[in-house]
Amino acid sequence: MKIFFKVILLVVLCIGFSSCSKNNKRKLVVYSPHGKEMLGEFEKQFEAKNPEIDVQWLDMGSQEIIDRIKTEKDNPQADIWWGAPATLFMRADKMGLLEKYTPTWASSVTAAHKGKNDTWYGTFLTPEVISFNNKVLNNTNAPQDWADLVQPVWKDKIVLRNPMASGTLRVIFSAIISMSVKANGSEDKGWEWLKGLDANTKDYSADATQMYLKLGGDQEPVTLWNMPDIILQANAYQYPFGYIFPKSGTVVLTDGIALVKGSKNSEDAKKFYEFVTSNEALKVQAEKFYRIPARTDIAKESLPDWIKKADYKELELELDWEMISEKEGDWMKKWDAEIKGKK
């Protein structure tokens with residue numbers, strides 16, 4: 001019976017990954033939230049240049065990844081973690097889950113977009129925006145700033161992705177509270193804004209697709225989301241979406257990459273790390289997958305027009321990311337228990 005259960009366990013583990021190791025190649029395991037299209041493309045590209053390596057990826061949410069790596073700490077199953085908000089990498093660093101590695105392009109990322117101990121580096125920058133249905137609103141009469149969203153005129157006009165499941169919304173909400181602490185020495189003003197936003201929000205969508213459908217209708221023409229995805233949805237799927245950077249400043253989320261501490265194949269993981277963050281790979285990710293490179297040494301003229309036109313850098317808010325990383329979980333539990341739906 002023991003053999004039987006071992007076989008079943010092996011089958012389950014194999015199903016979890018893109019494929020099992022084949023032809024005695026060295027196995028490289030990647031945990032990532034970047035989606036099967038992007039992961040599949042870079043699996044093929046990397047294996048074409050490194051035929052002795054079999055890349056196996058597991059596509060799942062960012063929070064699931066850190067939970068899984070934490071659970072596997074004494075017997076790591078992943079070699080590399082590709083993608084998640086920087087706040088999660090900061091948390092993982094404090095838990096001792098990441099391996100120090102200085103990539104060859106380390107000097108081309110600003111201090112604000114990498115870990116202090118070289119345990120993680122930023123790959124993409126994601127500005128958060130106020131998005132609107134451009135068949136109902138335009139750049140003039142849509143909400144222009146965070147404060148506008150809690151005005152009575154927008155009551156029941158807002159749809160949001162469920163913040164408990166959305167890294168984008170969690171970071172925006174946490175940023176608002178941290179700015180309150182910075183400006184006033186307390187969280188009170190941040191909570192006051194979140195209560196006002198909840199009062200004006202008609203729906204919290206369970207997934208992004210449901211949010212797109214509601215935003216594309218005429219009843220809930222306003223949301224908070226990230227700029228690259230809004231442009232992707234408009235260009236690829238013809239949703240009537242426009243966006244505005246909040247006038248007082250925008251949250252710019254850093255997406256990162258890191259080696260998993262104690263991995264079984266760290267040298268191949270470093271090869272993959274360098275491959276997917278190379279100048280050439282980042283251009284492909286910008287063109288095909290709407291990602292804004294964090295590296296500053298990539299010529300702007302080589303990037304897509306929507307990135308060239310995205311003038312957000314002077315609007316990037318200076319946030320206490322250490323505070324956000326530490327407090328985000330507790331803040332979101334409080335929001336869920338004390339604010340959501342308490343209109």
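This is a predicted model, so every value here is computed, not measured.
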State whether [X] and [Y] are salt-bridged, where the test is any N-O pair (Lys NZ or Arg NE/NH1/NH2 against Asp/Glu carboxylate O) under 4.0 Å.
{"X": "D54", "Y": "K27", "result": "no"}
{"X": "K214", "Y": "D203", "result": "yes"}
{"X": "K270", "Y": "E274", "result": "no"}
{"X": "K308", "Y": "D305", "result": "yes"}
{"X": "K195", "Y": "E338", "result": "no"}
{"X": "E220", "Y": "K157", "result": "no"}
{"X": "E41", "Y": "K288", "result": "yes"}

So, [X] and [Y]: side-chain donor and acceptor under 3.5 Å apart, yes or no?
{"X": "K271", "Y": "N265", "answer": "no"}
{"X": "D118", "Y": "T102", "answer": "yes"}
{"X": "S248", "Y": "D145", "answer": "yes"}
{"X": "Y31", "Y": "R68", "answer": "yes"}
{"X": "E128", "Y": "W225", "answer": "no"}
{"X": "D229", "Y": "N226", "answer": "no"}

Please collect all side chain to side chain donor-acceptor pair (under 3.5 Å) contacts where either partner lies in residues 163-177, sequence neighbours excluded, each pair once. R170-E328
Could you walk me through whether Y204 and R161 pass side-chain contact (heavy atoms from CB on, under 4.5 Å), step by step? CA-CA 5 Å; Y204 292 101; R161 176 84 166 83; over 6 Å; no
Where do K247 and L315 come nearest, in terms of heavy atoms and distance? O-CD2, 3.6 Å
Which heavy atom of I53 sits nearest a heavy atom of L28, and at what distance? CG2-CB, 3.8 Å
For Q238 and N235, indicate whether the former's side chain and the latter's backbone hold a donor-acceptor pair under 3.5 Å. yes
For the aromatic rings, using the six-membered ring if either is Trp, is the centroid distance between F173 and W146 under 6.0 Å? no
Across all chains, not counting sequence neighbours, the ring-ring contact (aromatic ring centres under 6.0 Å, His included) partners of W105 are Y121
Residue pairs, two or more places apart or on separate chains, that pass ring pair (Phe, Tyr, Trp, His ring centres under 6.0 Å) and touch residues 246-292: F46-F272, F46-F275, W82-F272, Y101-Y273, Y290-W306
Whether F241 and Y239 hold their rings parallel, tilted or perpendicular, with breakpoints at 30° and 60°: parallel
Should F124 and H34 be marked as a ring pair (Phe, Tyr, Trp, His ring centres under 6.0 Å) after you check the CA-CA gap, both sets of side-chain angles, and the distance that decides it? CA-CA 11 Å; F124 312 125; H34 286 325; 5.5 Å; yes
